[in-house]
2 protein chains.
Amino acid sequence: MNVTLHEKQALHMECGGCPIRHRAVCARCDSAEMETLEQLKFYRSFQAGQTVIWSGDRMDFVASVVSGIATLTQTMEDGRRQMVGLLLPSDFVGRPGRSIASYDVTATTDLVMCCFRRKPFEDMLVKTPHVAQRLLEMTLDELDAAREWMLLLGRKTAREKIASLLAIVARRDASLHMRDTQGKVSVELPLTREEMADYLGLTLETVSRQISALKRDGIIRLHGKRLIEIPDYRRLLDEAGDDSDGGMPA
Amino acid sequence: MNVTLHEKQALHMECGGCPIRHRAVCARCDSAEMETLEQLKFYRSFQAGQTVIWSGDRMDFVASVVSGIATLTQTMEDGRRQMVGLLLPSDFVGRPGRSIASYDVTATTDLVMCCFRRKPFEDMLVKTPHVAQRLLEMTLDELDAAREWMLLLGRKTAREKIASLLAIVARRDASLHMRDTQGKVSVELPLTREEMADYLGLTLETVSRQISALKRDGIIRLHGKRLIEIPDYRRLLDEAGDDSDGGMPA
DNA sequence: CGTTGCCATTGATCTGCGTCAAGGAAGATC
DNA sequence: GATCTTCCTTGACGCAGATCAATGGCAACG
């Protein structure tokens with residue numbers, strides 16, 4: 001999954017100051033195809049906490065996250081919730097060939113998305129095969145991430161779950177910023193305790209307790225509620241129960 | 001996910017007596033492209049219990065399941081296991097663009113796979129875009145299934161997990177056979193209790209207890225260890241905690 | 001500056017499922 | 001038909017994490 005994220009970030013970077021997903025999708029497009037895409041796109045903004053779309057609603061567009069963070073969640077009748085996706089800038093939302101949303105999509109921070117109406121986007125997919133292929137790669141990456149998450153949900157302890165989440169978020173932006181010469185990293189976690197709980201299949205109380213425990217044990221340090229410092233990334237990885245090094249650049 | 005499975009089955013059927021995945025992939029191919037694929041393929045057989053490939057091993061082929069059942073599992077260093085995929089006939093194994101296996105692939109029954117060497121398959125993907133598009137659809141379906149499974153792993157009780165698994169397996173082959181005029185269905189479950197546990201994020205003891213409980217409550221009836229009769233599919237669905245009707249044909 | 005609302009922390013208690021352990025059923029092998 | 005092997009069932013017990021409940025921090029707002 002490390003490669004996945006690095007690739008995404010790299011592509012994300014490619015488009016310079018404008019991290020628009022279709023540029024990532026189209027990294028290998030010639031300019032004519034870029035033109036076509038440019039004409040199709042439009043932007044939508046959402047405030048933190050706003051719901052972008054409800055599961056079961058009609059969804060006539062696909063989109064990519066430009067800035068901010070969105071989540072995909074599933075809810076049972078009795079209110080139990082499970083987050084099934086965390087959408088970061090450059091991530092793709094929606095599904096070609098499906099007009100009904102399968103998940104609730106919610107903005108957890110202020111959010112800007114770059115949208116394409118679904119039908120023209122699908123037509124474009126057919127006409128420009130390598131875009132479809134890039135989309136396939138991205139989907140395969142997401143599938144890998146989902147399966148890694150299944151291991152977390154099914155078999156890891158609460159402590160391991162928290163450590164894994166922190167490691168993943170740290171890994172995502174460690175290569176970009178806030179990284180000093182030793183293994184020290186800081187992470188801005190844009191989720192409430194409850195959202196973390198929904199992602200990890202825990203309760204918010206357990207999340208809070210385990211974060212306190214990791215702090216007590218010196219694995220992490222807190223600055224405020226959301227900024228987390230990781231003095232030694234390797235120790236965090238040990239806590240996460242992962243067998244790999246998590247793809248942290250050496 | 002119901003549509004997913006029906007589609008797969010339909011495509012699977014299309015190729016008549018020979019349920020070979022590439023025919024499914026190529027449902028829209030013209031005959032020339034079929035030719036190419038025919039020349040690339042070769043078959044491999046495995047006995048029940050045999051490991052097809054270990055996570056981390058080199059994997060120079062992609063394949064589709066012709067007959068039998070295989071599983072994808074992830075294992076932690078201390079031996080905790082989580083199944084992340086159940087491969088039925090017509091399902092695809094392997095990943096274009098990746099030569100190292102990410103999961104253990106194991107044959108749980110005698111298994112026949114139709115294989116393609118990876119490199120030629122990838123070349124073919126580039127040349128025949130609609131094959132890539134079909135592969136994209138399949139991957140998106142798998143992603144949906146994985147996310148549904150995340151809800152199960154993160155939030156459902158042991159009883160709901162068992163009921164969900166039975167409902168899913170029942171739904172898969174209910175439309176094909178063993179279905180009588182009422183909601184009554186029989187399911188042949190080709191997994192041991194331990195494999196079910198690995199799939200559901202439980203222990204084998206809990207699986208056994210919950211199956212006994214469902215039997216005691218009249219939700220299911222057992223004939224031997226593996227053949228499960230479902231007198232009333234709706235009641236099973238209620239136990240599963242799903243809000244949909246599970247896509248059961250009316 | 002006090003109030004309101006949201007989020008986080010911490011404690012006390014409960015419980016569903018894991019763990020450990022002891023058989024039982026049914027097919028395979030001799 | 002005896003023994004093995006594999007898989008399954010059931011019981012007793014303990015614990016990780018859920019639940020219930022109280023309190024605290026802090027920003028926004030009048």
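Residue numbering restarts at 1 for every chain, and letters A, B, ... go by the order of the sequence lines. As the structure is a prediction and not an experimental result, all values here were calculated from the model.
- If you measure from atom CG of B:Leu222 to atom P of D:dT9, you get 7 Å, rounded to the nearest angstrom.
- Proximity note for A:Glu205 (side chain, C-beta onward) versus C:dA8, D:dC20, D:dG11: the nearest is D:dC20.
- Residue side chain B:Arg209 does not reach the base of C:dG16 through any donor-acceptor N/O pair under 3.5 Å, judged by distance alone.
- Mapping A:Ser208 and B:Lys225 onto DNA chain C by nearest heavy atom places A:Ser208 at the nucleotide closer to the 5' end.
- Looking at A:Asp104, its side chain never comes within 3.5 Å of a backbone N or O of A:Trp54 through a donor-acceptor pair.
- Across all non-hydrogen atoms, the minimal contact from B:Gln82 to A:Gly154 is OE1-CA, 3.4 Å.
- Rounded to an integer number of Å, the gap from CD of A:Glu195 to P of C:dC7 is 8 Å.
- Of the candidates C:dT10, C:dC7, D:dC8, the closest approach to any side-chain atom of B:Arg193 belongs to D:dC8.
- Closest to the side chain of B:Arg226, out of D:dG17, D:dC7, D:dA12, is D:dC7.
- Contacts of A:Gly201 with the nucleic acid, taken as non-hydrogen atoms under 4.0 Å apart, involve only primed sugar atoms and P, OP1 or OP2.
- At the heavy-atom level, B:Thr192 lies under 4.0 Å from the strands shown only through sugar-phosphate atoms.
- Of the charged side-chain nitrogens involved, none lies within less than 4.0 Å of a carboxylate oxygen, so that B:Arg226 and B:Glu188 do not count as a salt-bridged pair.
- Taking atom CD of residue B:Glu194 and atom C1' of nucleotide D:dT9, one finds them 15 Å apart after rounding to whole Å.
- Counting distance only, with no hydrogens placed and no angle test, the side-chain atoms of B:Arg216 and the base atoms of D:dT9 include no donor-acceptor pair under 3.5 Å.
- Of the candidates C:dT9, C:dA12, D:dT9, the closest approach to any side-chain atom of A:Ser212 belongs to C:dT9.
- A donor-acceptor pair shorter than 3.5 Å cannot be found between the side chains of A:Tyr233 and A:Asp238.
- One atom, CG of B:Leu152, and another, P of C:dC17, lie 12 Å apart when rounded to the nearest Å.
- Rounded to an integer number of Å, the gap from CZ of B:Arg80 to C1' of C:dG18 is 13 Å.
- We find that CD1 of A:Ile162 is positioned 12 Å from P of C:dA8, with the value rounded to whole Å.
- Side-chain atoms of B:Arg159 stay outside donor-acceptor range of the base of C:dG16, with no qualifying N/O pair under 3.5 Å.
- Per the geometry, NZ belonging to B:Lys215 stands 12 Å off C1' belonging to D:dT10, to the nearest Å.
- Relative to the side chain of B:Leu202, the nucleotides D:dG17, C:dC17, D:dT19 differ in distance, and C:dC17 lies closest.
- Rounding to whole angstrom units, NZ of residue A:Lys156 and P of D:dA16 are separated by 18 Å.
- Rounded to the nearest 0.5 Å, atoms CD (B:Glu195) and CD1 (B:Ile69) are 9.5 Å apart.
- At the heavy-atom level, B:Leu204 lies under 4.0 Å from base atoms of the strands shown.
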